[in-house]
Number of protein chains: 2
Amino acid sequence: MSRQADASGSFDIDADYKPLRDRVRDELRQRIIDDVYPAGTRLVETEIAAQLGVSRLPVREAIRALESEGFVKTIPRRGAVVVELSAQDIEELFDVRETLEVLASRQAATRATKAELRRVRGILARGRKALDTGDRVALGKANEAFHDEILKLSHNSLLQTVLEPLQGRLHWLLRQTGDPYDLFEEHSAWFEAIASGSADLAAEHARRHARLNREIVRTLLAERQQQAPPA
Amino acid sequence: MSRQADASGSFDIDADYKPLRDRVRDELRQRIIDDVYPAGTRLVETEIAAQLGVSRLPVREAIRALESEGFVKTIPRRGAVVVELSAQDIEELFDVRETLEVLASRQAATRATKAELRRVRGILARGRKALDTGDRVALGKANEAFHDEILKLSHNSLLQTVLEPLQGRLHWLLRQTGDPYDLFEEHSAWFEAIASGSADLAAEHARRHARLNREIVRTLLAERQQQAPPA
DNA sequence: TCTTAGGATCCTGTATACCGTATCCCTGAT
DNA sequence: ATCAGGGATACGGTATACAGGATCCTAAGA
């Protein structure tokens with residue numbers, strides 16, 4: 001028992017196997033998003049290796065992965081540093097995100113199955129509950145999960161692989177700046193547009209949501225910059 | 001002596017330095033695109049390392065990079081295999097490409113400088129010459145260069161990093177299927193739209209071009225499938 | 001002859017150790 | 001206070017080793 005859903009041939013005995021490098025990468029990514037490693041932090045291979053109790057190799061590979069995800073930048077022979085997102089980087093992030101989420105939303109509207117829509121409704125319900133109890137962190141997570149789900153609904157795996165790393169950076173950013181309460185209400189409306197099955201309507205909502213999001217980040221960043229003028 | 005350009009402090013004595021892993025990656029990518037390693041080929045680390053006269057490490061890192069670019073898929077504990085692009089993969093590729101190139105084109109229209117436009121005109125001229133002399137390979141390269149240039153014109157570095165790996169796969173595909181002659185004429189018209197400075201016009205041309213491209217690949221792939229029915 | 005069990009083999013994933021060298025940082029002299 | 005010199009540090013790469021999963025080959029059995 002305990003194992004379920006294993007219809008045909010290839011089994012997932014140890015489907016939960018994950019190379020060490022991937023686990024290290026996940027751990028480091030989380031630390032960056034959680035601001036344990038703020039922008040500018042140097043990621044020293046030997047330090048991390050020692051701390052995680054692994055050899056340098058998986059750490060190196062993890063760092064390379066984070067580099068291709070845009071979380072760190074490695075300077076030749078100097079190593080990896082957690083990037084600081086410039087104003088322009090953020091604009092670009094939203095540019096690309098907007099276009100891709102519009103596409104995702106459009107495809108989701110025509111391709112999502114009933115079962116999938118139900119699942120997303122569940123996530124929204126979770127968010128609603130977090131909103132009512134004022135659990136800011138849980139609401140943030142629900143919001144992030146929502147975005148990931150929209151992507152899945154698109155049934156476009158390339159879209160997912162391209163957008164996922166960006167989502168990571170976006171979540172990172174929003175966690176520093178955004179207000180999860182505003183976002184949540186938007187998500188509900190957006191979702192209904194997708195569930196309606198109209199690609200155009202879904203696209204319109206996606207675009208609106210992305211722009212709202214961008215505005216929120218912009219204002220919060222502008223405020224912050226006034227408080228802390230350039231060094 | 002013999003050294004030049006060393007005015008101030010840190011100069012680019014060895015600005016052309018490139019980590020070994022990157023050179024290995026470039027080499028392997030080229031081999032895939034050139035069909036030296038056709039779809040299904042296993043990339044065995046030790047073999048490649050021996051052949052290139054490097055250790056396994058840079059090879060591993062190169063393979064990881066190619067994985068994140070979508071050229072190979074690695075199965076845990078089994079290693080990397082050159083991917084076969086399924087019909088769906090190709091559709092997804094064009095989906096994403098279309099949206100992103102529309103964005104690139106739109107931004108290029110408003111941001112490109114005169115000097116940049118001149119440079120692109122030069123590339124088109126090169127293509128025209130290749131067309132006249134019937135140099136298919138040169139024309140293909142000019143076409144590929146053109147797409148890369150449009151990206152640069154957008155002045156959106158994220159867009160470039162996201163789209164570049166896809167371009168690689170696209171070029172790979174087009175080299176197998178496409179007809180460079182048809183594409184060239186399209187490029188000229190598209191470029192004029194960008195040079196006109198109208199974002200909407202540029203976007204429209206980008207979309208048209210992407211769709212034409214998609215159709216070309218679709219038909220050629222359909223033909224091929226008829227000739228070689230499923231194994 | 002076909003199937004199957006078992007073992008040999010290949011190759012990845014990870015660990016260790018080590019070297020050259022670029023960069024950084026500290027110290028000391030001017 | 002500035003600048004040069006000399007470690008110390010840590011990356012980039014090599015070489016080697018080894019456990020264990022995946023594959024393949026072979027030989028025994030039905």
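Below, read A as the first sequence line, B as the second, and so on, with proteins coming before strands; counting in each chain starts at 1. Worth saying up front: this structure is predicted, and the values here are computed from it rather than measured.
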Of the residues in residues 49-61 of chain A, which ones touch DNA chain D at a heavy-atom distance under 4.0 Å?
A:R56, A:R60
Among D:dA10, C:dT14, C:dG13, which nucleotide sits nearest the side chain of B:R77?
C:dG13
Quick check: on DNA chain C, is the nucleotide nearest A:L20 upstream (toward 5') of the one nearest A:R42, or the reverse? Name the residue that is more 5'.
A:L20
Roughly, in whole Å, what's the span from CD in A:E67 to C1' in D:dC11?
13 Å
Using 4.0 Å as the upper bound for N to carboxylate O, is an ion pair formed by B:E144 and B:R175?
yes
With B:K152, which residues qualify under side chain to side chain contact (heavy atoms under 4.5 Å, CB included), at least two apart?
B:E149, B:Q160
Just one of B:H147, B:E92, B:R214 clears the side-chain contact (heavy atoms from CB on, under 4.5 Å) bar with B:R97, so which one?
B:H147
Which whole-number value in Å describes the distance from A:E47 CD to D:dT9 C1'?
11 Å
Would you classify B:L43 as touching base, sugar-phosphate or nothing, given that sugar-phosphate means primed atoms plus P, OP1 and OP2, and contacts are heavy atoms under 4.0 Å?
sugar-phosphate
Salt bridge B:K73-B:E67, side-chain N to carboxylate O under 4.0 Å:
no
Name of the residue among B:L28, B:L43, B:I32 meeting side-chain contact (heavy atoms from CB on, under 4.5 Å) with B:F71
B:I32
Heavy atoms only, 4.0 Å cut-off, all strands: where does A:I48 land among base, sugar-phosphate and nothing?
nothing
When we call it a touch if two heavy atoms are under 4.0 Å apart, what does B:R64 touch: a base, just sugar-phosphate, or nothing?
sugar-phosphate
Side chain of B:R78 only, please: which of C:dG13, D:dA22, D:dC11 is the nearest?
D:dA22
What is the distance, rounded to the nearest whole Å, between atom CD of B:E45 and atom P of D:dA17?
18 Å
Given C:dT12, D:dC11, D:dG13, identify the nucleotide with an atom nearest to the side chain of B:V44.
C:dT12
Of all residues at least two apart in sequence or in a different chain, which pass the ring pair (Phe, Tyr, Trp, His ring centres under 6.0 Å) check with B:H171?
none
